[in-house]
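Below is one structure, written out as structure tokens; the observations come after it.
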Amino acid sequence: MTLTVRPLTPERFADLEAIFNAKGCAVARGCWCMYYRVSGKADLTRPGDSQRRSSKSALKALAAKDPPPGLIGYRGETPVGWIALGPRADYAKLAKSPVMKPVDEQPVWSIVCFVVPSAFRRQGVARELLAGATAYARKRRVKLLEAYPVDKSERSAADASWFGSKRMFDEAGFDEVARRRPDRPVVRLRVE
């Protein structure tokens with residue numbers, strides 16, 4: 001499969017909604033990729049319908065900003081996946097995370113989420129989203145990409161795979177730079 005990967009813009013928000021509303025994407029509908037962008041007990045972190053609406057509105061507002069909050073992968077005209085990435089500073093929750101806290105002071109862009117509907121899983125969509133994100137980062141002159149994959153021998157539940165697998169990042173050339181929990185490394189790729 002060859003995907004076309006495009007930044008989220010207000011004009012493409014309906015495509016993102018199609019992905020998040022698809023079968024197998026309930027977790028994405030719960031947070032609208034805002035969970036790691038906020039810290040503390042704010043409206044965007046309290047579970048419930050109000051939180052989901054607020055998170056969706058917040059992500060839609062971010063779609064109009066630069067840099068965009070992520071990229072959508074398309075097979076032809078069909079949206080088939082999402083990858084959330086951006087400057088580490090945009091993800092407030094990472095600073096306090098025991099697993100994902102900063103490794104050093106180098107400026108990095110963080111990859112925090114993959115969303116692939118059930119109908120498109122096991123077809124290489126996440127790998128192609130990662131390749132598209134790397135190409136996008138290079139175009140934006142980002143020097144380092146960082147991610148926080150899961151490293152387990154057994155397959156995780158499909159709806160809990162939003163971080164991606166370490167194996168996928170290894171195959172894409174990322175190197176492990178920290179491991180604060182046995183199953184959760186921090187990996188980086190020098191993009192230059």
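Source: prediction; values computed, not measured. Scope of the values below: all heavy atoms of this structure, side chains included, with no hydrogens, waters or symmetry mates.
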- [ ] Provide the closest heavy-atom pair for Pro185 versus Lys166 in the form atom of the first, atom of the second, distance.
- [x] CG-CD, 3.5 Å

TODO: Classify the ring geometry between Phe169 and Phe174 as parallel (under 30°), tilted (30 to 60°) or perpendicular (over 60°).
DONE: perpendicular

Task: Worked verdict on Val186 versus Met100 for side chain to side chain contact (heavy atoms under 4.5 Å, CB included) - done: CA-CA 7 Å; Val186 177; Met100 300 176 282; 5.7 Å; no

Open item on the list: Would the distance check show the side chain of Arg29 and the main-chain N or O of Ala22 forming a donor-acceptor pair, the cut-off being under 3.5 Å?
Closed with: yes

Open item on the list: For the CD1 atom of Ile83 and the CG atom of Leu71, what is their distance to the nearest 0.5 Å?
Closed with: 6.5 Å

Open item on the list: Please determine whether residues Trp82 and Tyr74 belong to a single hydrophobic cluster, defined as Ile, Leu, Val, Met, Phe, Trp and Tyr linked transitively by side-chain heavy-atom distances below 4.5 Å.
Closed with: yes

TODO: Inspect the surroundings of CZ in Arg141 and state if more than 12 heavy atoms from other residues, nucleotides or ligands are less than 6.0 Å away.
DONE: no

TODO: Give a yes or no answer on whether the side chain of Ser55 reaches the backbone of Trp32 with a donor-acceptor pair at less than 3.5 Å.
DONE: no

- [ ] Say whether, by atom type as modelled, one donor and one acceptor occur between the side chain of Arg167 and the main chain of Asp170 under 3.5 angstrom.
- [x] no

- [ ] Measure from the side-chain N and O atoms of Arg184 to the backbone N and O of Pro149, and report whether any donor-acceptor pair falls under 3.5 Å.
- [x] yes

Task: Arg180 (side chain) donor-acceptor with Val99 (main chain) under 3.5 angstrom - done: yes

Open item on the list: Do Tyr35 and Val150 land in one hydrophobic cluster if side-chain heavy atoms of ILVMFWY residues count as linked below 4.5 Å?
Closed with: yes

TODO: Report the residues that fulfil side-chain contact (heavy atoms from CB on, under 4.5 Å) with Ser110, sequence neighbours left out, ordered by chain and then residue number.
DONE: Arg88, Tyr91, Leu94, Val108, Val112, Glu146, Tyr148

Open item on the list: Do the side chains of Arg188 and Asp104 get close enough for a salt bridge, i.e. N-O under 4.0 angstrom?
Closed with: yes

TODO: Go through the steps for Met34 and Leu62 under the test side chain to side chain contact (heavy atoms under 4.5 Å, CB included), then give the verdict.
DONE: CA-CA 10 Å; Met34 294 303 296; Leu62 287 175; 3.9 Å; yes

Task: NZ/NE/NH1/NH2 to OD/OE distance under 4.0 Å, Asp15 and Arg6 - done: no

